[in-house]
Colleague: 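Handing you a structure now.
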Amino acid sequence: MTMVKTLKAKYCASILVNKIGNIKLSKITSKVVQNYFDEVDNYKPKEEIITPRTTFREVLEKRNFTYTILRRQLKIQHNTLSKAYNGARVERIWANNLVEKTEIPFEKLFKVKIEYKELAPITKKNLKL
């Protein structure tokens, strides 16, 4: 078995154990197994999309935080800062780091959108193996 297949098998087994691992083997019926498969079919993972508000730059500049100050003095990662200045999506950890260092409320700088995505067919298949 290759490393990727081993990791996928361990991942799928861990999910299966979390769902029906607490049931005694003698009590696992076809209904329990079918409920697991139905749950896999209906499962939609939650994804958090964090984007800077349209006033992102203005809010920072009102508090005297320029791009250079953020990058050099506060040691904010410049690649992501550039993306944020251009309105692109950022990660939660980076956004929290910026909020912590600038002491500006999260809601003033970023907006959060939650989406539920479908699992890829191959992922569903792997979870059902």
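For this chain, numbers begin at 1 and follow the sequence in order. Treat the numbers as computed from the prediction; the structure is a model and nothing was measured.
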Colleague: Are any non-hydrogen side-chain atoms of Arg71 and Gln77 less than 4.5 angstrom apart?
Modeller: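 The answer is no; the side chains never approach within 4.5 Å.
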Colleague: Can you establish whether the number of heavy atoms outside Arg72 located under 6.0 Å from its atom CZ is more than 12?
Modeller: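 Result for CZ/Arg72: open.
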Colleague: Side-chain donor-acceptor pairs under 3.5 Å in residues 102-115, sequence neighbours left out?
Modeller:
unit_1: Thr102; atom_1: OG1; unit_2: Leu98; atom_2: O; d: 2.8
unit_1: Lys113; atom_1: NZ; unit_2: Glu115; atom_2: OE2; d: 3.4

Colleague: Can you confirm whether Arg92 sits close enough to Asn96 that some side-chain heavy atom of one is under 4.5 Å from a side-chain heavy atom of the other?
Modeller: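 A side-chain contact exists here, since the closest heavy-atom pair is under 4.5 Å.
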Colleague: Before giving the answer on side chain to side chain contact (heavy atoms under 4.5 Å, CB included), spell out for Val59 and Phe65 the whole-Å C-alpha distance, their side-chain angles and the decisive distance to 0.1 Å.
Modeller: CA-CA 9 Å; Val59 170; Phe65 289 115; over 6 Å; no
Colleague: For a quick test of reading the model, state the closest non-hydrogen atom pair linking Glu48 to Arg89 and the distance between them.
Modeller: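 Closest approach of Glu48 to Arg89, heavy atoms only: O-NH2, 3.4 Å.
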Colleague: So, the side chain of Thr55 versus the backbone of Glu58: is there a donor-acceptor pair under 3.5 Å, distance only?
Modeller: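 Not a single qualifying donor-acceptor pair exists.
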Colleague: For Lys31, give me all partners under side chain to side chain contact (heavy atoms under 4.5 Å, CB included), at least two apart in sequence or on another chain.
Modeller: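 Per chain and number, Lys31 pairs via side chain to side chain contact (heavy atoms under 4.5 Å, CB included) with Thr29, Asn35.
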Colleague: Looking at residues at least two apart in the chain, or sitting in another chain, which of them share a ring-ring contact (aromatic ring centres under 6.0 Å, His included) with Tyr85?
Modeller: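 By the ring-ring contact (aromatic ring centres under 6.0 Å, His included) rule, Tyr85 matches Phe56, Tyr67.
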Colleague: Roughly how far, to the nearest 0.5 Å, is the CD atom of Gln73 from the NZ atom of Lys101?
Modeller: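 Here the interatomic distance stands at 12.0 Å.
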Colleague: Please list, chain by chain and in numerical order, all residues satisfying side chain to side chain contact (heavy atoms under 4.5 Å, CB included) with Glu91, sequence neighbours excluded.
Modeller: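 Checked Glu91 against side chain to side chain contact (heavy atoms under 4.5 Å, CB included); zero matches.
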Colleague: According to salt bridge (Lys or Arg N to Asp or Glu O under 4.0 Å), who are the partners of Lys46, at least two apart in sequence or on a separate chain?
Modeller: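 Applying salt bridge (Lys or Arg N to Asp or Glu O under 4.0 Å) to Lys46 gives none.
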Colleague: So how far is it from Asn97 CG to Ile76 CD1, rounded to the nearest 0.5 Å?
Modeller: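 Rounded to the nearest 0.5 Å, the CG-CD1 separation comes out at 4.5 Å.
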Colleague: One pair to check against side chain to side chain contact (heavy atoms under 4.5 Å, CB included): Ile69 and Asn64. What are the steps and the verdict?
Modeller: CA-CA 9 Å; Ile69 290 172; Asn64 297 321; 5.6 Å; no
Colleague: Any heavy-atom pair between the side chains of Lys83 and Asn86 that's under 4.5 Å?
Modeller: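 Sidechains of Lys83 and Asn86: no contact.
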Colleague: Considering non-hydrogen atoms only, spot the tightest contact between Pro52 and Ala84 and give its length.
Modeller: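 Of all heavy-atom pairs spanning Pro52 and Ala84, the closest is CG-O, 3.2 Å.
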Colleague: Indicate, with yes or no, if Ile49 and Val90 share a hydrophobic cluster defined by side-chain heavy-atom contacts under 4.5 Å among Ile, Leu, Val, Met, Phe, Trp and Tyr.
Modeller: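 No; Ile49 is not reachable from Val90 via cluster members.
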Colleague: Using the side chain to side chain contact (heavy atoms under 4.5 Å, CB included) criterion, which residues pair with Thr54? Sequence neighbours excluded.
Modeller: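 Thr54 satisfies side chain to side chain contact (heavy atoms under 4.5 Å, CB included) with no residue once adjacent residues are dropped.
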